[in-house]
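Heads up: numbering here begins at 1 and tracks the sequence.
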Amino acid sequence: MVKFIESELVLLKKEIDEMFRVVYNQLDRAGESVLTLDKELAQQVIIRERKVNALELKVDSDIEDLIALYNPVGIDLRFVLAMLKIKMIIRIMSYYKFWI
């Protein structure tokens with residue numbers, strides 16, 4: 001069971017990394033669209049928000065499943081809670097593209 005929860009934690013970290021990469025790319029594109037006054041690029045940024053929403057829901061679901069199924073304790077629980085907080089921070093970062 002310990003090895004299985006470790007593999008689940010690694011998958012969770014990869015999903016958080018992917019979410020960060022998508023949000024970072026979107027912020028970069030939003031800034032570029034402002035600098036170049038490219039309305040199409042700005043529209044693409046808004047449309048790709050669905051991917052961020054889907055990733056957020058997936059991470060939420062995975063965290064809920066991890067807590068419910070494996071009942072992590074100690075360092076594993078701290079890791080899961082840290083991933084939850086990081087996910088929320090990334091989500092807040094994703095809203096910045098609308099303010100650019």
(message) Could you work out, with salt bridge (Lys or Arg N to Asp or Glu O under 4.0 Å) as the rule, every residue matching Glu56, not counting sequence neighbours?
(response)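 Glu56 satisfies salt bridge (Lys or Arg N to Asp or Glu O under 4.0 Å) with Lys87, Arg91 only.
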(message) My understanding is that only residues two or more places apart in sequence, or in another chain, count here; which of them pass side-chain hydrogen bond (donor to acceptor under 3.5 Å, both in side chains) with Glu8?
(response)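 Checked Glu8 against side-chain hydrogen bond (donor to acceptor under 3.5 Å, both in side chains); zero matches.
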(request) Only counting residues at least two apart or in another chain, list the ones meeting side-chain hydrogen bond (donor to acceptor under 3.5 Å, both in side chains) with Asp38. (result)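 side-chain hydrogen bond (donor to acceptor under 3.5 Å, both in side chains) list for Asp38, sorted by chain: empty.
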[X] vs [Y] side-chain heavy atoms within contact, under 4.5 Å:
X	Y	result
Asp65	Ser61	yes
Leu12	Val59	yes
Tyr24	Met93	no

(request) Tell me who clusters with Leu77, hydrophobic residues only, linked when side chains sit under 4.5 Å apart either directly or through other members. (result)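 Noted: Leu77 shares its cluster with Leu81.
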(request) Show which residues join Ile75 in its hydrophobic cluster (side-chain heavy-atom contacts under 4.5 Å, direct or indirect), or state none. (result)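 Hydrophobic cluster check, Ile75: no partners found.
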(message) Under the salt bridge (charged side-chain N to carboxylate O under 4.0 Å, His left out) definition, can you give me all pairs with a residue in residues 20-32, not counting sequence neighbours?
(response)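 For residues 20-32, and leaving out neighbouring residues, there are no salt bridge (charged side-chain N to carboxylate O under 4.0 Å, His left out) pairs at all.
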Can you sort out the partners of [X] under side chain to side chain contact (heavy atoms under 4.5 Å, CB included), two or more places apart, ordered by chain and number?
X	result
Phe79	Leu9, Lys13, Met83
Arg48	Val22, Gln26, Lys51
Glu64	none

Within this structure, what is the [atom1]-[atom2] distance for the pair [X] and [Y], rounded to the nearest 0.5 Å?
X	Y	atom1	atom2	value
Ser33	Gln44	OG	CD	9.5 Å
Ile67	Leu84	CD1	CG	7.0 Å
Leu11	Ile16	CG	CD1	12.0 Å
Met19	Glu15	CE	CD	10.5 Å

(request) Test side chain to side chain contact (heavy atoms under 4.5 Å, CB included) on Val52 and Ile90 and set out the steps. (result) CA-CA 10 Å; Val52 175; Ile90 292 171; over 6 Å; no
(message) Testing Leu69, Val80, Asp76, Val10 one by one against Ile5 for a side-chain contact (heavy atoms from CB on, under 4.5 Å), which residue passes?
(response)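 One option only clears the test, and that one is Asp76.
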